[in-house]
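Order of the sequence lines fixes the chain letters, A, B, ..., with proteins taken first and strands second; residue numbering starts at 1 for each chain.
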2 protein chains.
Amino acid sequence: MIDEFEKVISRLRKKGYVLSMPRMVIIKYLLSNKNHHTAESIHKAISKDYPSISVATIYNTLKLLTKEGFLKQLFIEGEKVFYDSTPGFHSHFICRICGKIKDVSEKPKKICKINGDRVEEVYVYYYGLCEECKKGRKN
Amino acid sequence: MIDEFEKVISRLRKKGYVLSMPRMVIIKYLLSNKNHHTAESIHKAISKDYPSISVATIYNTLKLLTKEGFLKQLFIEGEKVFYDSTPGFHSHFICRICGKIKDVSEKPKKICKINGDRVEEVYVYYYGLCEECKKGRKN
DNA sequence: GTTTATGCAAAAGTTTTGCAAACTA
DNA sequence: TAGTTTGCAAAACTTTTGCATAAAC
């Protein structure tokens, strides 16, 4: 089984991207934290070990990884952009109280055309009240 | 058939909101332009007839109308927040080339619970290439 | 007359940009 | 060495906020 990190960097190498240190650090971070991140949360986390990393580099690399299909951007109510590093089609549940984002596994919609328009990607967002908040726990 | 404007203002009145002039103007604008607006596009459009309107008022009123269920916010790739004044459940198709947003009529999903979390709203976004862009037209 | 909303301008917050210096291949 | 990328700081944008003034009830 091919290592995921190898897969990513071989793809980037193939495309001619420089395999710089900041990029490697960010990729490793994302691969070992399959979650929903913001540029800020990534910057904060990586800054602990590598204080010299800049926000601009975070944004540049996230854009690159999104373009190459390794990340997906999530656009969510009242929030900044989230980056999803979990591969494969899935939807998201967002709790309106605590803001938590949960993955929802779901069969990919096989729609490819709507009224003549070609559909390439489908995003489904469920908004509501999560179990924990309903029970009155703080989180 | 009850006039839509009447419906909105009677609801606002009932809730104790002041039926101010700027609010009436914004509501009338939204009712006669059932589309996908941004705060900026609304401000720009209304400013033509009422140059004294302020952005703060636009935002306040949009927030109010969203809270009262007359508008829905759309969170879309690389863009500011859009406000949808078309009532009833529907999804959206967004062209990645021209940015156009098209309504997609669809049966409302009747999901009310996922893994213990209570779902209150579902948003579906289809991203792709619209017919017009595929044909190579500029729009 | 009291309460609530408006308009202005400044602030806040996220993301982008420009450019010299540093790094990669 | 040639070509990218980085880091910094400033800029660009959208949205929010605070407060005196004005409008609505």
Item to check | Where at least one partner belongs to residues 101-120 of chain B, residue pairs that pass ring pair (Phe, Tyr, Trp, His ring centres under 6.0 Å), sequence neighbours excluded | outcome: none
Checklist outcome for this item: Taken to the nearest whole Å, NZ/B:K15 to C1'/C:dA5 is 18 Å
Write down the protein N/O and nucleotide N/O pairs, taken from nucleotides 23-25 of chain D, whose separation is under 3.5 Å; answer none if there are no such pairs.
| unit_1 | atom_1 | unit_2 | atom_2 | d |
| --- | --- | --- | --- | --- |
| D:dC25 | OP1 | B:L19 | N | 3.1 |

Checklist entry - Considering residues at least two apart in sequence or located in another chain, which fulfil the salt bridge (Lys or Arg N to Asp or Glu O under 4.0 Å) criterion with A:K15? => result A:E68
Item to check | N/O donor-acceptor pair under 3.5 Å between B:Y17 side chain and B:R11 backbone | outcome: no
Item to check | A:L62 CG - D:dT6 C1' separation (whole Å) | outcome: 15 Å
Checklist entry - How long is the line joining CD of B:Q73 and P of D:dT14, in whole Å? => result 16 Å
Item to check | Whole-Å gap separating P (C:dA5) and CG (B:L12) | outcome: 11 Å
Next on the checklist: Is the shortest side-chain heavy-atom distance between B:C98 and B:E132 below 4.5 Å?
Outcome noted: no
Checklist entry - Closer than 4.0 Å, any side-chain N/O of A:S54 to the OP1 or OP2 of D:dT6? => result no
Next on the checklist: Between A:T61 and A:I58 (side chain of the first, backbone of the second, donor and acceptor by atom type, cut-off under 3.5 Å), is there such a pair?
Outcome noted: no
Item to check | Net bend of the helix from C:dG1-D:dC25 to C:dA25-D:dT1, end axes of five pairs each, nearest 10 degrees | outcome: 40°
Checklist entry - Who else is in the cluster with B:I97 when I, L, V, M, F, W and Y are joined by side-chain contacts under 4.5 Å? => result B:L129
Next on the checklist: Is the shortest side-chain heavy-atom distance between B:L74 and B:H36 below 4.5 Å?
Outcome noted: yes
Item to check | Residues forming a side-chain contact (heavy atoms from CB on, under 4.5 Å) with B:S32, sequence neighbours excluded | outcome: none
Next on the checklist: Nearest whole Å is fine: how far is D:dT14 P from A:F75 CZ?
Outcome noted: 15 Å
Checklist entry - Tracing side-chain links under 4.5 Å among I, L, V, M, F, W and Y, which residues wind up in one group with A:Y59? => result A:V55
Item to check | d(CD1, B:I42; C1', D:dT15) in whole Å | outcome: 14 Å
Item to check | All side-chain contact (heavy atoms from CB on, under 4.5 Å) counterparts of B:V81, not counting sequence neighbours | outcome: B:Q73, B:F75, B:Y83
I'd like a list of close polar pairs between nucleotides 12-22 of chain C and the protein, N/O only, cut-off under 3.5 Å.
| unit_1 | atom_1 | unit_2 | atom_2 | d |
| --- | --- | --- | --- | --- |
| C:dT14 | OP1 | A:K80 | NZ | 2.6 |
| C:dT15 | OP1 | A:V81 | N | 3.1 |
| C:dT15 | OP2 | A:Y59 | OH | 2.5 |
| C:dT15 | O5' | A:Y59 | OH | 3.3 |

Item to check | Contact residues, residues 23-30 of chain B to DNA chain D [heavy atom, < 4.0 Å] | outcome: none
Checklist entry - Mind checking what makes side-chain contact (heavy atoms from CB on, under 4.5 Å) contact with A:T86, not counting sequence neighbours? => result A:K34, A:D84, A:H90, A:D103
Checklist entry - D:dT16 P sits how many Å from B:L64 CG, rounded? => result 14 Å
Checklist entry - Is the shortest side-chain N to carboxylate O distance from A:E131 to B:R118 below 4.0 Å? => result no
Item to check | Listed partners of B:S20 passing side-chain contact (heavy atoms from CB on, under 4.5 Å), at least two apart | outcome: B:V18, B:P22, B:R23
